Amino acid sequence: MTTTLLSTAAELHARARAGRRAVVMTMGALHEGHATLIRTARAIAGRDGEVVVTVFVNPLQFGAGEDLDRYPRTLDADVKLAGESGADVVFAPAVDEVYPGGEPQVRITAGPMGERLEGASRPGHFDGMLTVVAKLLHLTRPDVALYGQKDAQQLALIRRMARDLNFGVEIVGVPTVREEDGLALSSRNRYLSPAERRTALALSSALFAGQDRHAAQEALRARAREVPATRARAEALSAIGESRAAADAHAVATAVPGGPAAVRAAARQVLDEAARLDPPLALDYLALVDPSDFTEIGDGFTGEAVLAVAARVGTTRLIDNIPLTFGAAS
């Protein structure tokens, strides 16, 4: 389809609108993960709606020593991929279009949730992110905006901002897209050497290890609930474990409901092994958190959770996460 490239909000506002406008915000260097977001936006907007992809490298999101100057700028390729994925418009404003008076004196503050995990590692990052998202929501005036779940903390903060500040925009999260080897798609993957990429696979491997441990625990607990109440719970779990050689019956029998500690341990074992590789993986954090506020969950937790990891391989910092559901909400 023909995709129009625009650089000013006035041009975008002048376009006739019929159906819903769906916006996908990016910093460019588009890949299949972005393409999935755009295709999802197309499905939501429908044939009569409009899909707008923003391409803007936001200087407020980069801290001292981060990669603003070397962040890839590939606008021609971005327009091509956006069009092939179903975008009607690529909105690529200059810095002075988004920040006409220079860096804004009034900004969005992410609050306590923005100071944890990514916020602790990158002070001020989420304030800059929310500020530009708020600006772009005003500039593009969408009915719905889509963001990838790979940036889980970012997505949670955007949802909270839209709710707390009454933006009136539907926020949609789209599942993480992975490469064939499991590595989450990211524009930063291109910085990895072949050896670094092999080490980087530990991020997704750790998440999958935690997910597998969680699934085994939940399955055994579900089967244990079917055992008559006259049998001791630990004995029942051990008996079930004996009939399922692949399950860790001892760990499940001694774990409290939900077993967050066992999930963390399974993931950390993979990361500890990766720290001994050449080149090594330098872990920033491994966290199992409540997505409503990104605080660590306790052993009695039930409901939705996020297992998140961040690490550096060489000079490249990568993040990844996976959703889990514990206990009664499973």
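All values derive from a computational prediction rather than experimental measurement.
- Distance check: Arg160 CZ to Leu165 CG gives 10.0 Å after rounding to the nearest 0.5 Å.
- Between atom CD of residue Gln153 and atom CG of residue Asp293 there is a gap of 10.5 Å, rounded to the nearest 0.5 Å.
- The shortest side-chain heavy-atom distance between Glu296 and Leu288 falls under the 4.5 Å cut-off.
- Looking only at side-chain heavy atoms (C-beta outward), Phe56 and Met25 stay at 4.5 Å or farther from each other.
- Side-chain atoms of Glu11 come within 3.5 Å of backbone atoms of Ser7 as a donor-acceptor pair (strictly under, hydrogens ignored).
- Applying the ring pair (Phe, Tyr, Trp, His ring centres under 6.0 Å) definition to pairs two or more places apart or across chains, those involving residues 143-182 are His138-Phe167.
- Panel note: side chain Arg213, backbone Gly210; no donor-acceptor pair is recorded below 3.5 Å.
- For the atom pair CG of Leu283 and CG of Asp272, the computed distance is 8.0 Å after rounding to the nearest 0.5 Å.
- Every residue was checked against the salt bridge (Lys or Arg N to Asp or Glu O under 4.0 Å) condition with Glu115, not counting sequence neighbours, and none meets it.
- Panel note: side chain Asp48, backbone Ala18; no donor-acceptor pair is recorded below 3.5 Å.
- Val172 and Leu137 are not part of a single hydrophobic cluster, where members link through side-chain heavy atoms under 4.5 Å apart.
- Using a 4.5 Å cut-off on side-chain heavy atoms (C-beta onward), Glu170 and Arg20 make contact.
- Shown here is Asp76, whose CG atom has no more than 12 heavy atoms of other residues, nucleotides or ligands within 6.0 Å.
- In this view, Leu37 and Val24, Leu146, Val174 satisfy the side-chain contact (heavy atoms from CB on, under 4.5 Å) rule, not counting sequence neighbours.
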Any chance you could lay out the side chain to side chain contact (heavy atoms under 4.5 Å, CB included) test for Phe91 and Leu136, step after step, and finish with the verdict?
-> CA-CA 10 Å; Phe91 177 54; Leu136 289 172; 4.3 Å; yes
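- For Asn321 (side chain) and Leu307 (main-chain N/O), no donor-acceptor pair under 3.5 Å exists by modelled atom type.
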Apply salt bridge (Lys or Arg N to Asp or Glu O under 4.0 Å) to the pair Arg317 and Glu118, showing each step before the final yes or no.
-> CA-CA 11 Å; Arg317 187 175 183 275; Glu118 284 299 291; 2.8 Å; yes
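- Side-chain contact between Asp284 and Arg312 is absent, with no heavy atoms from C-beta onward closer than 4.5 Å.
- Remark: of the listed residues Arg42, Arg15, Arg21, Arg42 is the sole one forming a salt bridge (Lys or Arg N to Asp or Glu O under 4.0 Å) with Asp88.
- Taking a 6.0 Å sphere around CZ of Arg163, one finds it holds more than 12 heavy atoms contributed by other residues, nucleotides or ligands.
- Taken to the nearest 0.5 Å, the CG atom of Leu192 stands 4.5 Å off from the OG1 atom of Thr316.
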Run the side chain to side chain contact (heavy atoms under 4.5 Å, CB included) check on Asn58 and Met129 step by step: do they pass?
-> CA-CA 8 Å; Asn58 179 33; Met129 179 277 294; 5.6 Å; no
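- Placement of Leu139 and Val95 within a single hydrophobic cluster is found when ILVMFWY residues are connected by side-chain heavy-atom separations under 4.5 Å, directly or transitively.
- Checking side-chain atoms of Thr199 against main-chain N and O of Pro279 turns up a donor-acceptor pair under 3.5 Å.
- The ring pair (Phe, Tyr, Trp, His ring centres under 6.0 Å) pairs that include a residue from residues 10-29 number zero, where partners must be two or more places apart or lie in different chains.
- A salt bridge between Glu97 and Lys135 is absent, with no side-chain N of the basic residue lying under 4.0 Å from a carboxylate O of the acidic one.
- In the hydrophobic clustering of ILVMFWY residues, with side-chain heavy atoms under 4.5 Å counting as a link, Ile322 and Leu183 come out together.
- Separation of atoms CG (Leu281) and CG (Leu203) is listed at 5.5 Å; rounding is to 0.5 Å.
- The other members of the hydrophobic cluster of Leu185, by chain and number, are Val177 (side-chain heavy atoms under 4.5 Å, ILVMFWY only).
- The CG atom of Leu155 sits 8.0 Å away from atom CD1 of Ile171, with the distance rounded to the nearest 0.5 Å.
- Residue pairs meeting the ring pair (Phe, Tyr, Trp, His ring centres under 6.0 Å) criterion with at least one member in residues 31-55, sequence neighbours excluded: His31-His34.
- Contact of the Leu130 side chain with the Ile158 side chain is registered, since non-hydrogen atoms from C-beta on lie closer than 4.5 Å.
- In this structure, Leu12 and Thr140 have side chains that are in contact, with non-hydrogen atoms separated by less than 4.5 Å.
- At a threshold of 4.5 Å between side-chain heavy atoms, the hydrophobic network of Ile, Leu, Val, Met, Phe, Trp and Tyr places Val52 and Val55 in two separate groups.
- If you chain together hydrophobic residues whose side chains sit under 4.5 Å apart, Val89 and Val51 never meet in one group.
- For the pair Val133/Ile108, no side-chain contact is recorded, criterion being any heavy-atom separation below 4.5 Å from C-beta on.
- Formation of a donor-acceptor pair under 3.5 Å by the Thr26 side chain with backbone atoms of Thr54 is found in this model.
- Proximity of Asp78 to Val90: side-chain heavy atoms (C-beta onward) are nowhere separated by under 4.5 Å.
- In this structure, the side chain of Thr131 does not engage the main chain of Arg107 through any donor-acceptor pair within 3.5 Å.
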Carefully, step by step, assess Ser187 and Met27 under the rule side chain to side chain contact (heavy atoms under 4.5 Å, CB included).
-> CA-CA 9 Å; Ser187 58; Met27 293 207 299; over 6 Å; no
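- Closest approach of Gly259 and Gln217 over heavy atoms only: O-NE2, 3.4 Å.
- Scanning both residues, Tyr285 and Ser121, for their nearest heavy atoms gives CD2-OG, 4.1 Å.
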